[in-house]
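Taking it in order: structure first as C-alpha cells, then the write-up.
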Amino acid sequence: MKAKRPRNARTRMMLTLQLAVILPAAVLVMLSARHLQTIQRDRAVEAAIQRDFSQVLAISEKQINHKAYALVDDVSSGFPMPGEACSVTLDRILAAHPYVAHLMLYDPEHGFVIRSQPYRLKSDPGFREEAEHMSKMMEGWWKLEFEDFSKKLAKMQEKGTPYFFEGEWVPRGDKHVYTSTAMFVKTDEQTGNQAIAAIVFDAGYLRDQFFPQTLDQVMSRNLAEAQTDKNAVIMVRAKSDSTPFAVGSGWDSGEAEVERNMEGVFPGLILGMKMRGTTLAAMGQHFMHTSFLTLGGLSFLLAGGIFLTYRNVSKEMALARLKSDFVSNVSHELRTPLSLIRLYAETLELGRLTSPEKHQEYYCIIRKESERLTALINNILDFSRIEAGRKEYDFRETDMRELVCNTLESYRYQIEQHGFTLEEKIAEVPPMRVDREAMARSLVNLVNNALKYSQDRKYIGVKLYREDGSVKLEVIDHGIGIPPNEQDKIFEKFYRVGDPLVHNTKGSGLGLSLVQHIAQAHGGDVAVDSAPGAGSKFTITLPLHPAESSGKAASA
C-alpha cells in the first residue's frame, strides 16, 4: 500500500490538473471562438471605438466651451452699467474685441441700444442686414419678456452659470451664417437697476478662426493625454446639414461616424469624429482577422503551457488569488473618495463658480477627501494585520454626533448626485472613546452599500441615538434587501449575495467585513435587519462604557 501512495498522489494531481487546467483551457478556446463570432455579428469592435470617440467629443466640447467663456468674460468685464451705454463706450469695446459683431443692452428706463462693428456697417451690406435682423429680434423679445428673462439670468448667475447662450443662423447677404449670442444680466451696484446685455460672436470669426484653431488645439491636447487615436479627425456641422461647418487639420472627405450635439455655448451645432483614411467597419474586420490568427497560435502554445502549469500550478493559483483580492480591495475602497475629488475638481476646472466662499468650500472638500483617501490606502494595506489580530486603533474622546454629521456632509454631494433623499436623525449622545477614522469609514461603507443596491426607491436614512447603555448608529435604505439565509454571511470578507442585481454592481465584498471588524474592536457589533424587496437596516451598536484599555491604542 505504501508503494502505491505516490502513484495515487500523482494520479490525483494529474486528475486535478485535467479538471482545473486542461478542461477550462479547452472550454476557453471554444468560448473565445464563439465570442469572436459574436463580436463579428454585433460589431462590438466598432461600438468600443464609438464609445471612445463619444468620450473624446464630450471632453472636446468642454474645452471649446471653456475657451468661448474666456472670450465672453473678457468682453463682459468692460460692459457699461445700465444708463451709461452709448456709442463711444460700446465702440471702444468693439474695437478692442474684433471677434465680436454686435453689442446690445436693454432696460425699461433707457430702452434698447445696439452697436455693431462700425467699419463693417459701412462696407458690408450683408453685415448691415444681419445687424438689422438682430436688432428687431432682440428688441422685440426683450421688451416683451424683460422681467421674466432677467430673473432667469439672475438665477443662473447665482448658481454659477453667468451666461445664457442662443445659437442662430442669421441672414447675411444671400446666405445664412451661424452665430452665438451670450446674454447676461448687468446690475448697477449703486442703484440696483438691471439691464439685459448681449455679446454676439462674429460669424466669420467662428467659421474661419475660432473653430478651426480650437478643434486643432483640443485634438492636440487629447493626443498628448492619450485620449484618442492619432488618426482621429474632428469637425463641426449644423444639425440640418451634413456638410462640415468647420474642420480640424487632416479632415478628409466623408461624414463623421460618431457625433455629439453641442448644447452649451454653441447650440444648434454638432461635433463629429471619424478615422482618417479608414472606417470603423474596416478596423473591425482587421481586428477579427488578427484575433483569429492569435487564437490559433495560442491554441498551439497551450500544450507547452500545460507542462509549466503542472509544475507551478499551486504557486500561480495562490499568486493569482492574491492579485485578484488586492485589485478588488483597492477598486472597492478607493472609489468613493476618488469620485468626490474628481467631481469637485472638474467643477473648479470649468470656472463656473463666482463666489470665493464656494471656491473655499470645494477646496476644503477636496482636501478632506484626499486625507480620507490616504487613510483608506493605509486601511487596505493593514487588512492582513486586522485578520491576524494585530491592527491597532487610536481611541480618543469623541463627539459622535459631530463625527457622523461631518462624515455625512463630506459625502452629501455624492448622495445627491445619485438622486437620493438623505434623512438624518442625529440625537445628542455622550462623548465616547472611539477611533474617529475607523468609525467614519464604517459609516461611509454602509452609506455606499445603500447607494449601490437601491435601484428604484432612492432613500437613505441615518440615525444616531442612545438606547439601553449603548449608542446605536443606523443606516436605512429602501433597496433590494437581503435574503434571510444570507444575512449571516454578508459580513464574511469577499462574500457577495447571489442576487443577480448584486453581481451586476461592482464591489469586492470587503466593506461589511471591515465594518464588523471595526465594531468588534470597539467592544460592539453590527447587525442587519432586511427582507428582499423591502430594504435593509444596518445597526452598529457601541457600548457607552467599554472596558478600559491599558494604553491609548488598542488592538482589534
Side-chain angles (χ1 to χ4, degrees), residues 65 68-69 71-72 74-76 79-80 82 85-108 110-150 152-153 156 163-186 195-211 236-241 243-246 261-270:
N65 290 345
Y69 262 92
L71 295 176
V72 175
D74 192 30
V75 179
S76 64
F79 225 86
C86 63
S87 60
V88 175
T89 57
L90 295 180
D91 284 351
R92 187 182 302 120
I93 298 175
L94 291 169
H97 304 89
Y99 56 83
V100 176
H102 316 285
L103 296 176
M104 290 172 278
L105 192 70
Y106 173 78
D107 70 274
H110 301 93
F112 181 81
V113 178
I114 181 172
R115 292 296 295 175
S116 306
Q117 291 287 356
Y119 71 94
R120 299 283 298 278
L121 287 174
K122 296 179 181 178
S123 61
D124 189 344
F127 187 79
R128 287 197 300 272
E129 181 182 357
E130 175 187 323
E132 292 172 359
H133 171 82
M134 296 295 293
S135 177
K136 292 178 181 178
M137 180 181 67
M138 291 299 184
E139 184 176 9
W141 176 20
W142 290 353
K143 282 183 178 180
L144 289 174
E145 301 185 17
F146 174 80
E147 184 175 353
D148 293 338
F149 191 48
S150 61
K152 176 181 178 180
L153 294 176
M156 289 176 60
Y163 309 109
F164 175 83
F165 287 92
E166 182 77 18
E168 185 183 8
W169 292 86
V170 297
R172 181 177 287 187
D174 58 351
K175 58 184 178 180
H176 283 72
V177 294
Y178 179 84
T179 188
S180 179
T181 303
M183 289 169 273
F184 57 97
V185 166
K186 191 71 178 179
I196 300 177
I199 301 168
V200 184
F201 281 106
D202 180 65
Y205 167 76
L206 293 179
R207 182 188 65 245
D208 301 329
Q209 298 182 47
F210 178 83
F211 279 117
V236 176
R237 71 171 181 86
K239 286 186 177 181
S240 58
D241 189 359
T243 304
F245 166 68
N261 291 330
M262 300 182 72
E263 303 293 345
V265 179
F266 302 105
L269 297 183
I270 295 177

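This one's a predicted model, so the numbers in the text were calculated from it and none came from an experiment.
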When rounded to the nearest 0.5 Å, the distance separating CD1 of Ile114 from CD of Glu139 is 9.0 Å
Rounded to the nearest 0.5 Å, the OG atom of Ser76 sits from the NZ atom of Lys186 at a distance of 6.5 Å
Item to check | Heavy-atom side-chain contact between Leu90 and Leu105 under 4.5 Å | outcome: no
Close side-chain approach of Tyr163 to Ile199, heavy-atom, < 4.5 Å = no
- Heavy-atom side-chain proximity of Met138 to Tyr106 below 4.5 angstrom: no
Closest non-hydrogen contact found for Ala197 with Trp142 is C-CH2, 4.2 Å
- Query: Side-chain contact, heavy-atom cut-off 4.5 Å: Glu130 with Arg120?
  - Reply: no
Between the CZ atom in Phe210 and the CZ atom in Phe201, the distance rounded to the nearest 0.5 Å is 6.0 Å
With a 4.5 Å cut-off on side-chain heavy atoms, are Tyr205 and Leu71 touching? yes
Taking the six-membered ring for Trp, are Tyr119 and Phe127 ring centroids under 6.0 Å apart?
no
Q. Under the side-chain contact (heavy atoms from CB on, under 4.5 Å) criterion, do Phe266 and Leu206 qualify, and how do the steps go?
A. CA-CA 10 Å; Phe266 302 105; Leu206 293 179; 3.9 Å; yes
Exercise. With distance as the sole test, does Ser180 use its side chain to make a donor-acceptor pair with the main-chain N or O of Val265 at under 3.5 Å?
Worked result: yes
When every non-hydrogen atom of His102 is compared with those of Met134, the smallest separation belongs to CD2-CG, 4.2 Å
Between Asp107 and Ala195 the two heavy atoms that sit nearest each other are CB-CB, 3.7 Å
When Lys239, Glu263, Met262 are each screened for side-chain contact (heavy atoms from CB on, under 4.5 Å) with Leu269, the one that passes is Met262
Of all heavy-atom pairs linking Val177 and Ala203, the shortest is CG2-CB, 3.5 Å
- Message: Less than 4.5 Å apart, side chain to side chain, heavy atoms only: is that true for Arg115 and Ile93?
- Response: no
d(Phe164 CZ, Phe149 CZ) to nearest 0.5 Å is 5.0 Å
In short, Asp74 meets His97 closest at the heavy-atom pair OD2-NE2, 3.1 Å
Of all heavy-atom pairs linking Pro171 and His176, the shortest is N-CD2, 3.7 Å
Taking the side chain as every heavy atom from C-beta outward, state whether Tyr99 and Asp202 have any pair of such atoms under 4.5 Å apart.
-> no
### Query
Tell me, do Trp141 and Glu145 make a side-chain contact under 4.5 Å, heavy atoms counted?
yes
When rounded to the nearest 0.5 Å, the distance separating NZ of Lys143 from CD1 of Ile196 is 12.5 Å
- request: Check the pair Phe245 / Tyr178 against side-chain contact (heavy atoms from CB on, under 4.5 Å), numbers first and verdict last.
  value: CA-CA 9 Å; Phe245 166 68; Tyr178 179 84; 4.1 Å; yes
The reported gap from OG in Ser123 to CD in Gln117 (rounded to nearest 0.5 angstrom) is 10.5 Å
(Q) Run the side-chain contact (heavy atoms from CB on, under 4.5 Å) test on Glu168 and Thr181 for me, step by step, so that the C-alpha distance in whole Å, both residues' side-chain angles and the decisive distance to 0.1 Å come before the verdict. (A) CA-CA 8 Å; Glu168 185 183 8; Thr181 303; over 6 Å; no
